[in-house]
Amino acid sequence: MSKSVIHSDKAPAAIGTYSQAIKVGNTVYLSGQIPLDPKTMELVDGFEAQTVQVFENLKAVIEAAGGSFKDLVKLNIFLTDLGNFAKVNEIMGRYFEQPYPARAAIGVAALPRGAQVEMDGILVLS
């Protein structure tokens, strides 16, 4: 099976040796997105704004792959403060409908560029 690179100019450019996503068959592996504004490549301010930006960045890559949030089967959320878990749930509700993807929320000591939240996931296209 061949693999192809997925890229969107509507999401931040990779800041390292990785692709925004890789598609193998009908499965898309999404790299972690942090809350960088794709136009300025700067972090947005505040936890809620950061979480929204991450979802918007993921959405851009998912759409570039030909999918939508309905196709997301696994979501990993990395938080520097698990006290923000309820806020993530609230914001996630703006982007997803049931059935929700499988999910993990993991507390971490630090994220790239001082971000408060990062997410990655797996997409299965119909």
Side-chain angles (χ1 to χ4, degrees):
M1 216 177 275
S2 66
K3 67 180 181 179
S4 58
V5 174
I6 305 297
H7 174 79
S8 172
D9 291 332
K10 295 179 181 177
I15 57 174
T17 53
Y18 62 91
S19 300
Q20 290 174 337
I22 295 291
K23 181 179 178 187
V24 179
N26 67 336
T27 303
V28 180
Y29 299 90
L30 303 165
S31 289
Q33 287 288 331
I34 60 173
L36 293 175
D37 179 319
K39 294 176 185 163
T40 65
M41 291 299 289
E42 297 293 327
L43 280 180
V44 298
D45 291 328
F47 182 78
E48 182 166 352
Q50 286 198 6
T51 304
V52 168
Q53 187 66 57
V54 169
F55 278 120
E56 291 297 321
N57 292 345
L58 285 174
K59 181 180 175 185
V61 177
I62 288 168
E63 288 175 349
S68 72
F69 278 124
K70 291 180 181 183
D71 300 308
L72 194 67
V73 297
K74 177 67 167 114
L75 180 66
N76 295 311
I77 302 171
F78 305 93
L79 299 166
T80 57
D81 181 354
L82 285 173
N84 288 320
F85 184 74
K87 181 55 85 173
V88 169
N89 277 334
E90 174 194 322
I91 296 167
M92 187 173 168
R94 302 176 201 168
Y95 290 90
F96 292 88
E97 298 174 354
Q98 290 189 16
Y100 301 120
R103 183 183 80 179
I106 303 159
V108 296
L111 290 168
R113 298 213 179 164
Q116 297 177 65
V117 59
E118 180 174 359
M119 297 180 207
D120 69 11
I122 301 172
L123 191 69
V124 177
L125 302 173
S126 310

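Using cut-offs of 30° and 60° for the angle between ring planes, the Phe55 and Phe69 rings count as perpendicular.
Residues Pro112 and Ile34 share a closest heavy-atom pair of O-CD1, 3.7 Å. Nearest heavy-atom pair, His7 versus Gln20, reported as atom, atom and distance to 0.1 Å: CA-OE1, 3.1 Å. Considering every non-hydrogen atom in both Val61 and Ile6, the closest pair reads O-CG2, 3.7 Å. Taking both residues in full, the closest heavy atoms of Ala65 and Leu123 are given as CB-CD2, 4.2 Å, listed atom of the first, atom of the second, then distance. Contact record, Arg103 with Met92: NH1-SD, 3.2 Å, taken as the closest heavy-atom pair.
Of the candidates Asn84, Leu43, Leu79, Val54, Asn84 is the only one forming a side-chain contact (heavy atoms from CB on, under 4.5 Å) with Gln116.
Summarising the geometry, atom CD belonging to Gln53 is positioned 9.0 Å from atom CD belonging to Gln33; distances are rounded to the nearest 0.5 Å. Of the inter-residue distances, the one linking Leu58 atom CG with Asp120 atom CG reads 8.0 Å to the nearest 0.5 angstrom. Rounded to the nearest 0.5 Å, atoms CG (Asn89) and CD1 (Ile77) are 7.0 Å apart. Taking CD of Glu48 as the start and CD of Glu90 as the end, the distance is 6.0 Å to the nearest 0.5 Å. Note: Ile91 CD1 to Thr51 OG1 = 4.5 Å, rounded to the nearest 0.5 Å. Gln50 contributes atom CD, which lies 11.5 Å from atom CD of Glu118 (distance to the nearest 0.5 angstrom).
Following chains of ILVMFWY side-chain contacts shorter than 4.5 Å, one cannot reach Tyr100 starting from Val73, and the two form parts of different hydrophobic clusters. Note on Val117: it clusters hydrophobically with Leu82, by side-chain heavy-atom contacts below 4.5 Å among ILVMFWY residues. When the side chains of ILVMFWY residues are joined at heavy-atom separations under 4.5 Å, either directly or via intervening members, Val108 and Phe47 end up in two distinct hydrophobic clusters. Grouping the Ile, Leu, Val, Met, Phe, Trp and Tyr side chains by contacts below 4.5 angstrom, directly or via other members, places Phe96 with Leu30. Linking Ile, Leu, Val, Met, Phe, Trp and Tyr whenever their side-chain heavy atoms come within less than 4.5 Å leaves Ile122 and Ile62 in two separate clusters.
Looking only at atom types and distance, the side chain of Asn76 has a donor-acceptor partner in the side chain of Lys74 under 3.5 Å away.
At least one donor-acceptor pair under 3.5 Å links the side chain of Ser31 to the backbone N or O of Ser19. Put simply, the side chain of Asn57 never gets that close to the backbone of Pro35: no donor and acceptor are under 3.5 Å apart.
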message = Show, in sequence, the C-alpha distance, side-chain angles and deciding distance for Arg113 and Leu36, and conclude whether the side-chain contact (heavy atoms from CB on, under 4.5 Å) test is met.
response = CA-CA 9 Å; Arg113 298 213 179 164; Leu36 293 175; 3.8 Å; yes
request  = Show your reasoning for whether side-chain contact (heavy atoms from CB on, under 4.5 Å) applies to Leu125 and Val28.
outcome  = CA-CA 8 Å; Leu125 302 173; Val28 180; 4.0 Å; yes
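Glu56 has no carboxylate O lying under 4.0 Å from a charged side-chain N of Arg94, or vice versa, which leaves the two without a salt bridge.
In this structure the side chain of Thr27 reaches within 4.5 angstrom of the side chain of Val124, judged on heavy atoms.
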